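Throughout, a chain's letter reflects where its sequence line sits, starting with A, and its residues are numbered from 1. Model, not experiment: these values are computed from the prediction.
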Number of protein chains: 2
Amino acid sequence: MSTVVRLSEARKADLRCALCPIRDRAVCAYSGPEELKLLEVIKSYRTYQPGEEIAAMGEETAHIGSVVQGTVSLSRLMADGRRQMVGLLFPGDFVGRIMLPTAPYDAVAVDEVTLCLFERRRFERLLAESPDLRRRLLEMTLDELDAAREWMVVLGRKTAREKLASFLMILVRRAAIATGGEARDGLRIALPLTREAMADYLGLTIETVSRQIGALRRDGLITLEDARHLVVHSVAALREAAGDDA
Amino acid sequence: MSTVVRLSEARKADLRCALCPIRDRAVCAYSGPEELKLLEVIKSYRTYQPGEEIAAMGEETAHIGSVVQGTVSLSRLMADGRRQMVGLLFPGDFVGRIMLPTAPYDAVAVDEVTLCLFERRRFERLLAESPDLRRRLLEMTLDELDAAREWMVVLGRKTAREKLASFLMILVRRAAIATGGEARDGLRIALPLTREAMADYLGLTIETVSRQIGALRRDGLITLEDARHLVVHSVAALREAAGDDA
DNA sequence: CGAGTTTTTGAATGGTCTCAACTGGAGTGG
DNA sequence: CCACTCCAGTTGAGACCATTCAAAAACTCG
């Protein structure tokens with residue numbers, strides 16, 4: 001989050017908060033028109049290329065903000081090179097740690113990412129005065145905590161096959177929400193992550209990820225169009241394979 | 001959290017908020033004297049025996065509150081009996097999910113636990129009016145999120161030996177804070193968890209937990225007084241064994 | 001087309017789990 | 001006081017699942 005590229009006024013007008021695609025889910029979801037105006041003044045957009053670093057663990061971050069488009073990974077790197085992903089942020093999710101000057105993990109753009117950024121200082125000042133922002137931020141943080149704990153079950157107790165199925169189920173749920181409804185069989189899914197990123201997310205090696213995708217394919221649960229696109233034939237069977245029955 | 005045992009007025013007086021042992025770290029840490037009075041009126045204490053259920057996943061919780069004394073485990077149970085602990089709460093930590101009617105995981109008293117409880121409705125009403133409570137709660141939730149993510153690295157990427165050492169390091173840090181300073185070699189530590197609970201926390205089996213404790217003992221890092229008490233000979237060596245170097 | 005990267009596949013190793021038996025301490029009752 | 005049970009923890013042997021190392025295949029991009 002070093003330099004912030006400011007868009008032209010024309011482009012900026014296109015991105016009025018009222019027209020924002022994540023208006024209803026981002027930190028600003030509960031903000032009224034007056035607050036939106038304040039946010040509109042201090043916000044700026046920046047686009048990151050796939051693999052580009054958004055924030056590095058331990059370093060100061062001058063900006064925080066929302067994912068408008070794309071996927072952001074949060075991960076931690078061990079001294080010997082082992083990496084564990086600890087979060088995957090989608091449009092609407094909040095990037096950056098409030099109340100701490102430095103980033104607690106590495107944030108990297110998985111695909112092309114657009115962020116709606118606020119200068120940390122200014123945002124925290126606004127936060128101090130806005131119950132709506134605070135309420136939404138608390139809500140989002142609690143949801144993220146639940147998601148993190150849900151994932152701890154996957155990492156600690158599930159088999160490689162269950163891990164893969166669990167990951168695919170996350171994508172299925174997201175795709176279902178995006179297409180506005182129920183998760184239907186025959187759904188086509190784009191994998192935003194490389195095999196390596198999936199391995200880092202699931203606590204596996206790339207080889208095991210590859211093998212388990214192959215196994216799910218051989219068992220008829222999915223079909224691969226190419227390495228990054230697949231079709232889910234039975235959502236029920238995939239959920240079953242994921243090991244949870246809720 | 002079904003029925004709440006109200007203490008006698010005499011006992012209650014002993015537990016005035018101003019004298020509370022977790023006054024400086026709990027949700028009420030930033031609350032001024034007026035707010036403390038409000039909290040004092042609606043709070044109640046309850047003690048749980050080791051192994052006693054505090055809240056069950058999926059069920060409504062009428063009360064939420066702070067751990068005053070003891071250790072609380074948060075865990076999730078899979079359909080086939082596999083269990084993963086997703087949090088370990090110590091004095092000062094907050095128990096219960098705000099903004100949701102039902103508990104997202106099982107909460108169990110590990111040892112004898114005393115909670116300072118508030119009726120959920122009343123507390124949330126107070127929360128809506130108190131910036132101090134909200135600020136502290138957000139801060140605590142963010143810290144818990146960081147801790148959960150830290151633990152994801154342990155679950156996803158560490159070996160059994162590293163997992164054990166990581167767990168012991170958590171206890172060492174806590175003990176160091178309690179005795180008010182640096183983590184010194186020769187520190188004596190009480191294990192609040194059974195082998196089974198440790199296994200559920202670490203994503204291992206009890207046998208592996210037992211074997212790894214044995215290995216750390218054989219390697220001279222620790223000495224066992226009995227199954228639940230040990231002495232750490234070299235904190236540096238233990239940290240090394242945990243696989244992190246910060 | 002050719003170089004580099006990502007993904008898949010194969011074979012062997014090894015760490016953790018499973019199943020089973022044993023140990024030791026706490027509590028109980030004759 | 002001793003025999004007994006019960007439970008938590010330990011120890012052992014073998015199986016299995018995921019990893020490691022190695023190589024081939026598929027894809028991307030100049």
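- A parallel orientation is assigned to the rings of B:Y201 and B:W151, their planes being inclined by less than 30° (bins at 30° and 60°).
- Judged purely by distance below 3.5 Å, without hydrogens or angles, the side chains of A:S75 and A:R83 pair a donor atom with an acceptor atom.
- In this structure, the NE2 atom of B:H229 is 14 Å from the C1' atom of C:dG25, given to the nearest Å.
- Looking at A:D143 and B:R97, a side-chain N of the basic residue comes within less than 4.0 Å of a carboxylate O on the acidic one, giving a salt bridge.
- When rounded to the nearest whole Å, the span between CG of A:L193 and C1' of C:dT6 equals 14 Å.
- Residue-to-nucleotide proximity on DNA chain D shows that, of B:V209 and B:R157, the 5′-proximal contact is made by B:V209.
- Rounding to whole angstrom units, NZ of residue B:K158 and P of D:dA18 are separated by 22 Å.
- Checking C:dT8, D:dT10, D:dA18 against the side-chain heavy atoms of A:S210 singles out C:dT8 as nearest.
- Heavy-atom distances to DNA chain D give each of A:A227 and B:M198 a nearest nucleotide, and the one nearer the 5′ end belongs to B:M198.
- B:L216 has its CG atom 12 Å from the P atom of D:dT10, to the nearest Å.
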Identify the pairs formed between an N or O of the protein and an N or O of nucleotides 20-24 of chain D at a distance under 3.5 Å, and give each distance.
from	atom 1	to	atom 2	distance (Å)
D:dT20	O4	A:R211	NH2	2.8
D:dC21	N4	A:E207	OE2	3.1

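- Going from atom CD1 of A:I213 over to atom C1' of D:dA25 covers 16 Å, rounded to whole Å.
- Only one option out of A:R157, A:R239, A:K158 pairs with A:D244 in a salt bridge (charged side-chain N to carboxylate O under 4.0 Å, His left out); it is A:K158.
- Regarding B:L224, its CG atom lies at a distance of 13 Å from the P atom of C:dG25, rounded to whole Å.
- When heavy atoms are screened at a 4.0 angstrom cut-off, B:R228 is found touching the sugar-phosphate backbone but no base atom.
- Salt-bridge check for A:R46 with A:E52: passed, with a basic side-chain N closer than 4.0 Å to an acidic carboxylate O.
- The two residues A:D146 and B:P104 have their closest heavy-atom pair at OD1-CG, 3.9 Å.
- Taking atom CZ of B:R82 as the reference point, atom P of C:dC17 lies 12 Å away to the nearest angstrom.
- Remark: of the listed residues B:L88, B:D111, B:V108, B:V113, B:V113 is the sole one forming a side-chain contact (heavy atoms from CB on, under 4.5 Å) with B:V72.
- A:I206 has its CD1 atom 9 Å from the P atom of C:dT6, to the nearest Å.
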